[in-house]
Amino acid sequence: MSDHYQVLGVSRDATGEEIKKAYRKLARKLHPDVNTAPGAADEFKAVTHAYEVLSDPQKRRVYDTTGQENGTDSGFGGGFGGQGFGFQDIFDTFFGGGAPGGGRGPASRTRRGQDALINVRIDLKDAVFGTNKKIDVETAVLCPTCEGSCCQPGTSPRTCDICHGSGQVQRAVRSILGQVMTTAPCGSCQGFGTVIPDPCHECAGEGRVRSRRTLTIKVPAGVATGTRIQLSGQGEAGTAGGPQGDLYVEIRVNADPVFMRDGDDLHATLTVPMTAAALGTVINMDTFDGEREITVKAGTQSGEVTTLKGLGVTHLRGYGRGDLMVHVQVETPQKLDAAQEELLRRLAELRGEEFAEGRLSGNSSSGVFAKLRDRLGNH
């Protein structure tokens, strides 16, 4: 009996991947469909048989230990009657295990493509109203040369002459149940039932290539950072013309220099001069919906809030929008000239505040401390 390692041209400590590569290289060279030289068919069968033994960890262990393909192994894991036949072989025989497709025929080369995920950044205004955005996506697409057939144009897959299209090979072994037939994937066609003698040069026989494409996605109003949009059938193309996976677009909303988002409400700070806060005024403020008038009542204090209903973020699920909360901040004048300082001193005298003292208001029912107390629940 020939040495299987010599047949494949690998060392005895070769890895499973090295054995697989060696087999595929020899199979392409010796396959009867491409090599009609005398003896090539016999060499191909020997290579295939050697691969069937060495690619199976249990068979390889027995072969390395005994030098035989059906040596005796101790315990239930090895086999019975010195034939290397174990419980897994019995299960495979009666329930069709071990072969692609569960022993019901050749496996399909066609596989669904994987899903893909990309991140897309948008401005806060786009999150408020929604937008259409173009994105560049680099994924696997259907091979334009073979159109998913995996074959070079003008050629087609051929029925495997080892398994005759079944994708499986059988062998008779002796067991405690007598002589039974075990089934395993065909080592020549990898269980597909067909071989591709001339793979497509562009996709290397996979039926898909990587390509960059541009998509226009509809971003609904109300999205927030972390929202995912599913685009069915826009992900990776499957192998051998298989269906495409899905594309998931995860939204990232950029921080806005003016407005801050809290749920579906927007917050902004409006700074007004001390005199305007004291006397009252009307200020035009730019919002995402255009210019709006903000009425500052006489005597307005820092921290007071004016609410503009329905000028916030659109509700993603449901109808309507949140509110825009305008926080007033009173600005104290600095770097007064002599005339301005004299006027303020005169005002302080008129109000009796020339020697005014500050007062603590932490226990008052309004103001910053009251809001903080309400938020913490008096804990």
Side-chain angles (χ1 to χ4, degrees), residues 7-10 14-37 40-41 43-52 54-56 98-116 137-169 184-213 233-247:
V7 170
L8 293 178
V10 297
T15 64
E17 187 63 28
E18 291 173 339
I19 291 173
K20 182 185 295 185
K21 288 182 179 179
Y23 166 71
R24 287 179 176 177
K25 180 179 179 180
L26 291 172
R28 286 193 295 268
K29 176 183 177 182
L30 299 173
H31 197 283
D33 289 337
V34 296
N35 192 336
T36 58
E43 289 185 52
F44 178 75
K45 292 179 180 179
V47 166
T48 300
H49 181 64
Y51 176 71
E52 289 178 355
L54 299 184
S55 63
D56 185 308
R104 298 181 180 178
S108 174
R109 296 182 189 274
T110 301
R111 295 286 188 275
R112 179 183 182 274
Q114 292 183 334
D115 295 337
V137 183
E138 184 175 350
T139 59
V141 299
L142 188 70
C143 177
T145 299
C146 69
E147 297 182 339
S149 71
C150 304
C151 303
Q152 191 66 11
T155 67
S156 60
R158 297 181 182 178
T159 301
C160 176
D161 60 358
I162 300 300
C163 66
H164 305 292
S166 68
Q168 305 167 6
V169 291
C186 175
S188 174
C189 65
Q190 306 302 311
F192 295 124
T194 59
V195 294
I196 299 178
D198 193 5
C200 173
H201 296 165
E202 183 168 355
C203 66
E206 192 173 346
R208 60 181 184 175
V209 295
R210 297 201 69 81
S211 177
R212 181 178 291 273
R213 53 199 172 105
Q234 294 294 337
E236 298 274 346
T239 57
Q244 290 180 261
D246 297 334
L247 174 64

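Residues: numbered from 1 along the sequence shown.
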Within-4.5 Å side-chain heavy-atom neighbours: [X] and [Y]:
X	Y	answer
Cys150	Pro199	no
Arg210	Glu236	yes
Glu52	Val169	yes
Ile196	Arg109	yes
Ile19	Leu8	yes
Thr145	Cys200	yes
Phe44	Leu26	no

Over all heavy atoms of both residues, which pair between [X] and [Y] is shortest? Give the atoms and the distance, please.
X	Y	value
Val195	Ser188	CG1-O, 4.1 Å
Thr194	Cys189	O-CB, 3.4 Å
Cys203	Val209	CB-CG1, 3.7 Å
Val10	Ala22	CG1-CB, 3.5 Å

Between [X] (side chain) and [Y] (backbone), is there a donor-acceptor pair under 3.5 Å?
X	Y	value
Thr155	Cys151	no
Asp246	Gly233	yes
Thr110	Ala240	yes

One pair to check against side-chain contact (heavy atoms from CB on, under 4.5 Å): Thr139 and Arg212. What are the steps and the verdict?
CA-CA 7 Å; Thr139 59; Arg212 181 178 291 273; over 6 Å; no
Test side-chain contact (heavy atoms from CB on, under 4.5 Å) on Phe192 and Cys163 and set out the steps.
CA-CA 10 Å; Phe192 295 124; Cys163 66; over 6 Å; no
Report the distance from atom [atom1] of [X] to atom [atom2] of [Y], rounding to the nearest 0.5 Å.
X	Y	atom1	atom2	answer
Ser211	Glu138	OG	CD	8.0 Å
His49	Leu54	NE2	CG	9.5 Å
Asp56	Tyr51	CG	OH	10.5 Å
His164	Thr159	NE2	OG1	10.5 Å

Is there a side-chain contact (heavy atoms from CB on, under 4.5 Å) between Gln152 and His201 once you walk through the steps?
CA-CA 7 Å; Gln152 191 66 11; His201 296 165; 3.4 Å; yes
Which residues share a salt bridge (charged side-chain N to carboxylate O under 4.0 Å, His left out) with Glu18, sequence neighbours left out:
none
CA sep, side-chain torsions, deciding dist, call: Cys186, Ser166, side-chain contact (heavy atoms from CB on, under 4.5 Å)
CA-CA 8 Å; Cys186 175; Ser166 68; over 6 Å; no
Would you mind listing every salt bridge (charged side-chain N to carboxylate O under 4.0 Å, His left out) that reaches into residues 191-206, with sequence neighbours excluded?
Glu206-Arg208
Is it the case that Gln234 and Arg213 place a side-chain donor and acceptor less than 3.5 Å from each other?
yes
